[in-house]
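To keep things clear, I will list the structure first and then write my remarks on it.
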There are 2 protein chains.
Amino acid sequence: MTSSESGIRGRSGTAHSGSEPAAGLMSGAAARLRIAAPSVADRVAAELRLQLAQGMLLPGARLTESTIAEQLGVSRNTVREAFAELAGERLVIRQPNRGVFVATLEAGDVHDVYTVRRAIEVSAIRGGGSPERVAAVRAAVEEGKAAAAANDEEGLGNANQHFHGAIVALAGSRRLNTIMSQVLAEMRLFFHKATVDAHFYRGYLADNEKICLALEAGELDRAGDLLLAYLDRSEKKQGAVHGK
Amino acid sequence: MTSSESGIRGRSGTAHSGSEPAAGLMSGAAARLRIAAPSVADRVAAELRLQLAQGMLLPGARLTESTIAEQLGVSRNTVREAFAELAGERLVIRQPNRGVFVATLEAGDVHDVYTVRRAIEVSAIRGGGSPERVAAVRAAVEEGKAAAAANDEEGLGNANQHFHGAIVALAGSRRLNTIMSQVLAEMRLFFHKATVDAHFYRGYLADNEKICLALEAGELDRAGDLLLAYLDRSEKKQGAVHGK
DNA sequence: ATTGATGGATTGTTGAACAATCCAGTTTTT
DNA sequence: AAAAACTGGATTGTTCAACAATCCATCAAT
């Protein structure tokens, strides 16, 4: 249902003739001083990122240039540029002369990803953060509770990601934030296997609550230790779900 | 002297006619099972990365597609793909409809970069590492001493980067390693201003030695604290050299 | 001095072309 | 029959040429 043939195209192009008034994709972030409209390639990348996140494109799947170009009403070269972006984010893998494939995470990659998370998240929480940022962490915890109450499995997963995103955001570092979102995107990629287990995130609710409490109480070192333990356990569980 | 007109091109292309036997650019890493030869776009990106690192392209400089395409004997589209890569690494910035420019680090960025380094490096050193990896750290320290003895200013800078690279490598995480090298590449980008001060790295030699000793002694927490202090001081010095 | 054209340069995107490479299926060889 | 060599088709890698959209500096007009 999420736009398969609607097209991405915005303005020019020899073949273009109609004059639809620029479909409402960019409403909010339009007029930021000097930060300009995303290029078509960017929008293609965004669309693919979305499909990746929603599990429409499963790990290992092949992405054929011409097919996608056609589906999105865009030229092959533009798709190529989008691929370059996504490859930089490790969401797809380019095999020269063979094509690009949705990235697959091996057992080793799981550990690797958690190593990054440990470094970033623990460091961020140990540094504390402004009251507003702490409040954002709290908000994510409550979001998780609400989703649990509503039996909204997907919402629970999202809340969990928001929680960890908010923790990293404590540090207020643009780079740390983007690194974290890339890592989370990578994980989402292969969560689609794990999420079949409905109770997957349930167990984390209490952990998140405890970590948040420690953070709010200013007991940063303890919060860090809790988070670290959490990540270790989470990694183990992940490893169990996947091969080896 | 570093190849300005020699060209990057490898194989095909309508305009190509000669038959030079593939200049010896890829000797060692050629036959790695299934890991294939880099594309032309990749080589263009690599060449630019090099020029960036060597300060041939200074922050803020404009990179015109057609010019570079011509200089490197490559098509504009290929240059474009290379730009996408570099933009993903934050080495260049794309301003829609205006062009790509060598990235410039503002005062805020300096702090941001150091925030990332604190997170990654401290976490890595606190985790310790195998004897070989510790040995690599030691090697970087000695490399620095040798450079100092030889009054090799550039070598000193390199050694320092190797030192910090080796520390991150302790964690044995592919992702952490690439993140670190990207960050270091970013820093190199604007070190060209700072390096005018010949004594810049001198002062760090003793610090590196102390950190390395603590690491070798297995006093990981202390090593982490030392490293943290080091980074804070280094950031302050950086901030002083640059605006505010 | 501000505002408004004008034109040139550069980017964004497309479409078409062709060489290089890979792959699966088929033919040949041993 | 198993292994090796040869197909042809599909897809990628790269180039080129074209044109719309956008920016920018210069100049003109108010």
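Sequence lines set the chain letters: A, B, ... in the order given, protein chains first and strands last, and positions in each chain run from 1. Values reported hereafter were calculated over all heavy atoms of this structure, with side chains retained and with hydrogens, waters and symmetry mates removed.
Checking D:dT15, C:dT13, C:dC22 against the side-chain heavy atoms of A:Arg98 singles out C:dC22 as nearest. Minimum atom distance to the side chain of B:Val74 is reached by D:dT15, of the listed C:dG15, D:dT22, D:dT15.
Following rounding to the nearest Å, A:Arg76 (CZ) and C:dT13 (P) show an atom-to-atom distance of 17 Å. Between the CZ atom of B:Arg94 and the C1' atom of D:dT22 there is a distance of 15 Å, given to the nearest Å. Taking atom CD on A:Glu65 and atom C1' on C:dC22, their separation rounds to 14 Å, with Å as the unit. In this entry the distance linking CG of B:Asn77 with C1' of D:dC16 reads 9 Å, nearest Å. Atom CD in B:Glu70 sits roughly 15 Å away from atom P in C:dA9 (whole-Å rounding). Look at CD on B:Glu81: it is 15 Å from P on D:dC16, rounded to the nearest Å. In this structure, A:Arg43 atom CZ and C:dT13 atom C1' are separated by 11 Å, rounded to whole Å. For the pair B:Arg80 CZ and C:dT14 C1', the interatomic distance rounds to 12 Å; values are reported in whole Å.
With A:Asp109 contributing its side chain and A:Asp112 its backbone, the two residues share no donor-acceptor pair below 3.5 Å.
Qualifying ring-ring contact (aromatic ring centres under 6.0 Å, His included) partners for A:Tyr204, counting only residues two or more places apart in sequence or in other chains: A:Tyr230. Scanning for side-chain contact (heavy atoms from CB on, under 4.5 Å) contacts around B:Val92 gives B:Leu63, B:Leu86, B:Ala87, with sequence neighbours left out.
Closest approach of B:Ala41 and B:Glu81 over heavy atoms only: CB-CB, 4.0 Å.
Applying the 4.0 Å criterion to OP1 and OP2 of C:dA9, one finds that B:Thr64 has every side-chain N and O outside that range. For the OP1/OP2 pair of C:dT10 and a distance below 4.0 Å, the side-chain nitrogens and oxygens of B:Ser66 include no atom meeting the criterion.
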